[in-house]
Protein chains: 2
Amino acid sequence: MEEVKQFYSVEEKKLARYAKALSHPVRVYICGILSKQACCYSGDLAEEVPIARSTLSQHLKELKNSGLVQGEINPPKIKYCLNKENWAEAQQLFKEFFK
Amino acid sequence: MEEVKQFYSVEEKKLARYAKALSHPVRVYICGILSKQACCYSGDLAEEVPIARSTLSQHLKELKNSGLVQGEINPPKIKYCLNKENWAEAQQLFKEFFK
DNA sequence: CCTTTGTTTCGTAATTTTACGAAATACGAA
DNA sequence: TTCGTATTTCGTAAAATTACGAAACAAAGG
């Protein structure tokens, strides 16, 4: 019921959130793969990327939390894909921002 | 003399660095102002933004470190402006990334 | 049921980020 | 030189991020 004055706009907060998701090279790398080709599995990434699987899992979780990426369960694997809708939103926000 | 294998590309690291600079709403807000109109002073920002001046100064320092913003000394004030060259680079990197 | 496979969660530690107020700095004006 | 203005740096604290290995989990196959 508390009416709190928000200083930052919704767009500013969304942009910051997407930017935060992309603020680590491994997350940029993962999104780059997912946007260029198709979806992929955590294990596929783990073989390429020079970090522990548990750490990779944390980064994937962050990308999921940001909304840029989603995971589809495909037992016993989990297939990670871009969330097209949010990806398009981020694209638009950055485009507007730099315009 | 050490030849270290770098896993992430220069572009991935640069993008992550710019994204990090934009990963806080106040920094998005500041860049938004600087890109829309002209330069401005720390004090002008301090009057608008709901954070302490010292905290604002830290955010400005981070924006300077990222290369997106530069400060011109204009005693007794310091005028902050976008670094046009780096701004254009960031714009291009994000454009390519989302393409 | 037990094992294997793929992946995540837990526990932990080091580092970084975010934030504040107080003190320091720089410089022009009185 | 002393004062006032504009801003940053320092000291500090709380919270978040990044990273790892060990343990847990879920599902399919034997």
Side-chain angles (χ1 to χ4, degrees), chain A residues 4-8 12-13 15-31 33-34 38-81, chain B residues 4-8 12-13 15-31 33-34 38-81:
Chain A
V4 180
K5 277 282 195 327
Q6 292 295 328
F7 179 77
Y8 305 110
E12 283 159 352
K13 285 186 282 188
L15 188 81
R17 220 166 124 244
Y18 288 132
K20 194 170 186 175
L22 297 173
S23 70
H24 191 290
V26 77
R27 296 196 294 263
V28 172
Y29 176 83
I30 292 168
C31 287
I33 285 180
L34 296 182
C39 305
C40 64
Y41 297 104
S42 174
D44 302 340
L45 294 170
E47 282 166 29
E48 300 181 57
V49 158
I51 56 174
R53 274 157 201 266
S54 56
T55 307
L56 174 61
S57 196
Q58 270 183 111
H59 285 298
L60 286 168
K61 193 176 175 182
E62 269 189 74
L63 285 172
K64 271 195 287 186
N65 287 146
S66 78
L68 286 179
V69 161
Q70 61 193 102
E72 292 170 20
I73 294 175
N74 199 347
K77 298 184 175 186
I78 297 180
K79 191 161 75 171
Y80 284 97
C81 308
Chain B
V4 179
K5 276 283 197 321
Q6 293 295 328
F7 179 76
Y8 305 109
E12 283 159 353
K13 285 186 281 187
L15 189 80
R17 220 166 125 243
Y18 287 131
K20 193 169 187 176
L22 298 173
S23 71
H24 190 291
V26 77
R27 295 196 294 262
V28 172
Y29 176 84
I30 293 167
C31 287
I33 285 180
L34 297 183
C39 306
C40 65
Y41 297 104
S42 174
D44 302 342
L45 294 169
E47 280 165 30
E48 301 181 58
V49 158
I51 57 174
R53 275 158 200 266
S54 56
T55 308
L56 174 61
S57 195
Q58 269 183 112
H59 285 297
L60 286 168
K61 192 176 174 183
E62 269 188 74
L63 284 172
K64 270 194 289 185
N65 286 147
S66 77
L68 286 178
V69 161
Q70 61 193 103
E72 291 170 20
I73 294 175
N74 199 348
K77 300 184 172 186
I78 295 179
K79 192 162 74 171
Y80 285 97
C81 307

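Quick note on labels: first sequence line is chain A, next is B, and so on, each numbered from 1.
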*Considering only side-chain heavy atoms of A:K61, which listed nucleotide, C:dT18, C:dT9, D:dT18, is closest?*
C:dT9
*Using a heavy-atom cut-off of under 4.0 Å over every strand shown, decide if A:I51 touches base, sugar-phosphate, or nothing.*
sugar-phosphate
*Once you round it to whole Å, what is the distance between C1' of C:dT8 and NZ of A:K79?*
20 Å
_Interatomic distance, B:C81 atom SG to B:L68 atom CG [nearest 0.5 angstrom]_ = 13.5 Å
*Output the distance between atom CD (A:E12) and atom CZ (A:F7), rounded to the nearest 0.5 Å.*
7.5 Å
*Select one nucleotide: of D:dT17, C:dT8, D:dT18, the one nearest the side-chain heavy atoms of A:L60.*
C:dT8
*Picking from C:dT18, D:dA19, C:dG21, which would you name as closest to the side chain of B:S23?*
C:dT18
*Touch class at under 4.0 angstrom, heavy-atom based, for B:S42 against every strand present*: sugar-phosphate
*In terms of ring plane angle, is the pair B:H59 and B:H24 parallel, tilted or perpendicular, where the classes change at 30° and 60°?*
tilted
*Using whole Å, report how far CG of B:L56 lies from P of C:dC20.*
10 Å
_Mind checking if B:E62 touches a base, just sugar-phosphate, or nothing, with heavy atoms under 4.0 Å?_
sugar-phosphate
*Check every atom of C:dT7, C:dA19, D:dT9 against the side chain of B:H59 and return the nucleotide holding the closest atom.*
C:dA19
*Starting from the 5' end of DNA chain D, give me the residue, A:T55 or A:K20, whose nearest nucleotide shows up first.*
A:K20
*Rounding to a whole Å, what distance do you find between B:Q58:CD and C:dA22:C1'?*
14 Å
_In this structure, how many angstroms lie between the C1' atom of D:dT9 and the NZ atom of B:K64, rounded?_
12 Å
*Are B:T55 and B:V49 close enough that some pair of their side-chain heavy atoms sits under 4.5 Å apart?*
no
*If you check the B:S57 side chain, which of C:dT8, D:dA19, D:dT9 turns out closest?*
D:dT9
_Whole angstrom value for the distance that separates P of D:dT7 from CG of B:L45_ = 9 Å
*Roughly how far, to the nearest 0.5 Å, is CG of B:L56 from CG of B:L45?*
5.5 Å
_Euclidean distance, atom CZ of residue A:R53 to atom P of C:dT8 [Å, nearest integer]_ = 10 Å
*Counting side-chain heavy atoms from CB outward, which of D:dT7, D:dT18, C:dG21 is closest to B:Y41?*
D:dT7
*asked:* In this structure, how many angstroms lie between the C1' atom of D:dT8 and the CG atom of B:N65, rounded?
replied: 13 Å
*Which nucleotide in the set D:dT9, C:dT18, C:dC20 lies at the smallest distance from any side-chain heavy atom of B:A52?*
C:dC20
*asked:* Side chain of A:Y80 only, heavy atoms from C-beta on: which candidate in C:dT18, D:dC20, C:dT8 is closest?
replied: C:dT8
*Interatomic distance where CG belongs to B:L63 and P belongs to C:dT18 [whole Å]*: 11 Å
